[in-house]
Asker: 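Below: one structure in structure tokens.
In what follows, every heavy atom counts, from backbone to side chain, and hydrogens, waters and symmetry copies are set aside.
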Amino acid sequence: METVEKLFKKYPFKLSDAEITYDLGKLKEEAKSNMNKDVYKQCFSCIDLTSLNHTDTVEGIEKMMSRVNKFPQYFPEMPQVGAVCIYPSMVETAQKTLTQKIGIAAVSAGFPSSQTFLEVKIAETAMCVLEGASEIDIVISVGKFLSGDYEAVAEEISEIKSACRNSHLKVILESGSLKTAENIYKASILSMDAGGDFIKTSTGKTEPAATPEAAYVMCKAIYDYYQMTGKKIGFKPAGGIVTVEEAVLYYTIVKEVLGDEWLTNELFRIGASRLANNLLTAIYDKETKYF
């Protein structure tokens with residue numbers, strides 16, 4: 001990992017608000033041509049089926065895993081979701097109950113505020129991996145980032161990445177709290193260079209959550225990082241994505257900025273709960289409430 005000063009010089013922010021607005025306008029038009037069932041199925045396969053409620057119970061998570069396990073029986077022509085996303089205390093339950101070969105993503109490291117001791121963040125991450133999490137979702141220390149303590153943010157991510165062992169690390173920027181496109185771009189570059197395998201817009205616990213503007217800037221950062229390093233970093237918009245139209249717009253942003261090779265659940269995820277049923281409804285042309 002380079003010093004932050006050198007890193008930001010290597011990846012200067014070049015996007016203007018006008019350029020972002022103009023390009024998004026074109027992408028929104030392009031998204032209309034992607035409103036078809038093949039794209040809906042592809043979006044479905046990239047969903048992180050999520051339950052992050054303070055009321056979650058073991059029985060509730062077992063039921064969710066059971067629905068995932070039985071999904072191919074009821075929808076044999078459909079792809080499976082990409083992963084399930086749950087709290088650390090529920091990882092053992094998911095690992096014991098889930099029979100489908102999909103990811104188990106655990107939010108960790110003081111989610112959603114990241115306002116705890118680094119030692120706690122590392123320990124929680126290691127425990128999640130030990131319990132069976134194949135993916136770890138963390139939030140950057142937003143307060144430190146906004147204070148300009150970029151080195152501390154990067155070091156935290158790097159140390160948590162070490163605790164992940166072979167599990168993938170998804171780094172949440174909480175883009176709505178970063179305020180500017182330049183901050184979102186810098187946080188993206190910082191997170192990737194520090195070891196993030198994915199960068200993710202938001203927790204869904206603050207407003208605004210995912211926005212097309214943030215997604216566009218983050219995908220531009222991923223593209224720039226790939227051009228410089230040859231490393232493919234994944235992207236996950238999350239928070240408030242409910243409609244089919246919203247999902248297809250994010251799909252289109254990834255397709256046009258990063259290319260078709262990013263349109264697999266190894267490099268593209270959508271954090272959503274209600275979206276799964278809405279996509280099924282659009283695919284089958286009748287209201288479907290499976291999840």
Asker: Contact between Leu267 and Glu261 at the side-chain level, heavy atoms closer than 4.5 Å - yes or no?
Answerer: no
Asker: Measure the OG1-CD distance between Thr252 and Glu245 for me, rounded to the nearest 0.5 Å.
Answerer: 11.5 Å
Asker: Do side-chain atoms of Ser33 reach the backbone of Glu30 as a donor and acceptor pair under 3.5 angstrom?
Answerer: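 Judged by distance alone, yes, a pair lies under 3.5 Å.
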Asker: Does atom NZ of Lys70 have more than 12 heavy-atom neighbours, drawn from other residues, nucleotides or ligands, at distances under 6.0 Å?
Answerer: no
Asker: Please indicate whether Asn53 has more than 12 foreign heavy atoms, meaning atoms of other residues, nucleotides or ligands, lying under 6.0 Å from its CG.
Answerer: yes
Asker: Would you indicate whether Lys231, at its atom NZ, is surrounded by more than 12 heavy atoms from other residues, nucleotides or ligands within a distance under 6.0 Å?
Answerer: no
Asker: What distance do Met65 atom CE and Ser51 atom OG have between them, rounded to the nearest 0.5 Å?
Answerer: 8.0 Å
Asker: So, Asn36 side chain and Asp38 main chain: donor-acceptor pair closer than 3.5 Å or not?
Answerer: yes
Asker: Which word best sums up how the rings of Tyr290 and Phe75 line up, parallel for under 30°, tilted for 30 to 60°, or perpendicular for over 60°?
Answerer: perpendicular
Asker: Which value, rounded to the nearest 0.5 Å, describes the distance between Tyr225 atom OH and Leu7 atom CG?
Answerer: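 Nearest 0.5 Å value for the OH-CG distance: 8.0 Å.
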Asker: Using a 4.5 Å cut-off on heavy atoms from C-beta on, say whether the side chain of Cys164 contacts that of Thr125.
Answerer: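 A side-chain contact exists here, since the closest heavy-atom pair is under 4.5 Å.
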Asker: Over all heavy atoms of both residues, which pair between Val217 and Ala181 is shortest? Give the atoms and the distance, please.
Answerer: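 Minimum heavy-atom contact is CG1-O, 3.6 Å.
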Asker: So Thr180 and Tyr185, side-chain contact (heavy atoms from CB on, under 4.5 Å) or not? Walk me through it.
Answerer: CA-CA 9 Å; Thr180 69; Tyr185 184 88; over 6 Å; no
Asker: Yes or no on side-chain contact (heavy atoms from CB on, under 4.5 Å) for Lys161 and Ile136, after CA distance, side-chain angles and deciding distance?
Answerer: CA-CA 9 Å; Lys161 171 64 175 176; Ile136 299 293; over 6 Å; no
Asker: Ser158 side chain to Ala154 main-chain N or O, any donor-acceptor pair under 3.5 Å?
Answerer: no
Asker: Just wondering, do Ile184 and Thr201 contact through their side chains at under 4.5 Å, heavy atoms?
Answerer: no
Asker: Checking salt bridge (Lys or Arg N to Asp or Glu O under 4.0 Å) for the pair Glu92/Lys96: CA distance, chi angles, key distance, verdict?
Answerer: CA-CA 6 Å; Glu92 182 180 12; Lys96 288 181 177 178; 3.0 Å; yes
Asker: Should Met127 and Ile160 be regarded as members of a common hydrophobic cluster, given that ILVMFWY residues are connected when their side-chain heavy atoms come within less than 4.5 Å of each other, either directly or indirectly?
Answerer: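 Per the 4.5 Å side-chain linkage, Met127 and Ile160 are not co-clustered.
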Asker: Would a 4.5 Å heavy-atom cut-off, applied to side chains only, mark Tyr40 and Met35 as touching?
Answerer: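 Answer yes - side chains close enough.
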Asker: Show your working on side-chain contact (heavy atoms from CB on, under 4.5 Å) between Ile157 and Ile140 and close with a plain yes or no.
Answerer: CA-CA 7 Å; Ile157 295 169; Ile140 68 167; 4.0 Å; yes
Asker: Is the shortest heavy-atom distance from the side chain of Thr3 to the side chain of Glu151 under 4.5 Å?
Answerer: yes
Asker: Can you tell which of Leu49, Ile102, Leu280 makes a side chain to side chain contact (heavy atoms under 4.5 Å, CB included) with Phe71?
Answerer: Leu280
Asker: If only atom types and distance count, is the side chain of Asn34 paired as donor or acceptor with the main-chain N or O of Val248 below 3.5 Å?
Answerer: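 Not at all, since once roles are kept as given, no pair shorter than 3.5 Å links the two residues.
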Asker: Taking ring pair (Phe, Tyr, Trp, His ring centres under 6.0 Å) as the cut-off, I'd like each qualifying pair that reaches into residues 124-155, sequence neighbours left out, listed once.
Answerer: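 Only Phe8-Tyr150, Phe145-Tyr150 qualify under ring pair (Phe, Tyr, Trp, His ring centres under 6.0 Å).
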Asker: With rounding to the nearest 0.5 angstrom, report the OG to CD distance, Ser16 to Glu182.
Answerer: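 So the gap between those two atoms works out to 12.0 Å.
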Asker: Determine, for Lys14 against Asp224, whether the closest basic-nitrogen to carboxylate-oxygen distance falls under 4.0 angstrom.
Answerer: no
Asker: Can you confirm whether more than 12 heavy atoms, excluding those of Tyr22, are under 6.0 Å from its OH atom?
Answerer: no
Asker: Looking only at side chains, do Thr203 and Glu174 share a donor and an acceptor under 3.5 Å apart?
Answerer: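 The criterion, which ignores hydrogens and geometry beyond distance, is satisfied for Glu174 and Thr203.
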Asker: What are the two closest non-hydrogen atoms of Asp260 and Lys255, and how far apart are they?
Answerer: OD1-NZ, 2.7 Å
Asker: Determine whether a donor-acceptor pair (N or O, by modelled atom type, separation under 3.5 Å) exists between the side chain of Asn69 and the backbone of Thr97.
Answerer: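 It does hold such a pair.
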Asker: Check whether any side-chain heavy atom of Glu213 lies under 4.5 Å from a side-chain heavy atom of Ser175, and answer yes or no.
Answerer: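 No; the side chains remain at least 4.5 Å from each other.
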Asker: Please identify which of these residues, Phe235, Phe198, Tyr226, meets the ring pair (Phe, Tyr, Trp, His ring centres under 6.0 Å) condition with Trp262.
Answerer: Tyr226
Asker: Would Tyr216 and Asp23 count as a side-chain hydrogen bond (donor to acceptor under 3.5 Å, both in side chains) here? Give the steps.
Answerer: CA-CA 9 Å; Tyr216 177 80; Asp23 286 352; 2.3 Å; yes
Asker: Using the rule that two of Ile, Leu, Val, Met, Phe, Trp, Tyr join whenever any of their side-chain heavy atoms come within less than 4.5 Å, decide whether Val107 and Leu130 are in one cluster.
Answerer: no
Asker: What is the minimum heavy-atom distance between Ile86 and Ile104, and which atoms define it?
Answerer: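 For Ile86 and Ile104, the tightest heavy-atom pair comes out as CD1-CG2, 4.2 Å.
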Asker: Which one of Ile241, Thr243, Val242 satisfies the side chain to side chain contact (heavy atoms under 4.5 Å, CB included) criterion with Asn278?
Answerer: Val242
Asker: With a 4.5 Å limit on heavy-atom distance, are the side chains of Lys37 and Asp285 in contact?
Answerer: yes
Asker: Grab the two heavy atoms, one from Ala238 and one from Ala210, that are nearest each other, plus how far apart they are.
Answerer: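 Heavy atoms only, the tightest pair is O-CB, 3.3 Å.
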Asker: Output the distance between atom CG (Leu27) and atom CD (Glu256), rounded to the nearest 0.5 Å.
Answerer: 6.5 Å
Asker: Quiz question: by atom type and distance under 3.5 Å, do the side chains of Ser45 and Asn265 form a donor-acceptor pair?
Answerer: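 Checked: Ser45/Asn265 side chains show no N/O donor-acceptor pair below 3.5 Å.
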Asker: Could you state the interatomic distance from NZ (Lys6) to NZ (Lys10), rounded to the nearest 0.5 Å?
Answerer: 9.5 Å
Asker: Is Leu118 reachable from Val120 through a run of hydrophobic residues whose side-chain heavy atoms are each under 4.5 Å from the next?
Answerer: no
Asker: How about Glu266: does its CD atom have over 12 heavy atoms from other parts shown lying under 6.0 Å from it?
Answerer: no
Asker: Taking all non-hydrogen atoms of both residues, which atom of Gly103 and which atom of Ser134 are closest, and how far apart?
Answerer: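 What the structure gives for the nearest pair is CA-OG, 3.4 Å.
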Asker: Can you tell me which residue pairs pass the salt bridge (charged side-chain N to carboxylate O under 4.0 Å, His left out) test with a partner in residues 113-135, sequence neighbours excluded?
Answerer: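 Checked against salt bridge (charged side-chain N to carboxylate O under 4.0 Å, His left out) - neighbours excluded - the pairs reaching residues 113-135 are Lys121-Glu156, Glu135-Lys170, Glu135-Arg269.
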Asker: Applying side-chain contact (heavy atoms from CB on, under 4.5 Å), run through Val142 and Ser114 and close with a yes or a no.
Answerer: CA-CA 8 Å; Val142 177; Ser114 194; over 6 Å; no
Asker: Between the main-chain N or O of Gln100 and the side-chain N or O of Gln80, is there a donor-acceptor pair closer than 3.5 Å?
Answerer: no
Asker: Could you tell me whether the side chain of Val4 reaches within less than 4.5 Å of the side chain of Leu190, counting heavy atoms only?
Answerer: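 Yes. Closest side-chain heavy atoms under 4.5 Å.
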Asker: Examine distances only and state if a side-chain atom of Thr281 and a backbone atom of Thr288 form a donor-acceptor pair shorter than 3.5 Å.
Answerer: yes
Asker: Considering residues at least two apart in sequence or located in another chain, which fulfil the ring pair (Phe, Tyr, Trp, His ring centres under 6.0 Å) criterion with Phe111?
Answerer: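 For Phe111, no residue satisfies ring pair (Phe, Tyr, Trp, His ring centres under 6.0 Å) once neighbours in sequence are set aside.
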Asker: Can you tell me if Tyr87 has over 12 outside heavy atoms packed within less than 6.0 Å of its OH?
Answerer: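 Yes, OH of Tyr87 has more than 12 neighbouring heavy atoms, counting only those of other groups under 6.0 Å.
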Asker: Does Phe268 have its ring centroid less than 6.0 Å away from the ring centroid of Tyr250?
Answerer: no
Asker: Same hydrophobic cluster for Tyr74 and Phe44, using side-chain heavy-atom links shorter than 4.5 Å among ILVMFWY?
Answerer: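 Yes.
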Asker: Just wondering, more than 12 heavy atoms not from Glu5 lying within 6.0 Å of its CD?
Answerer: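 Incorrect, the count does not exceed 12.
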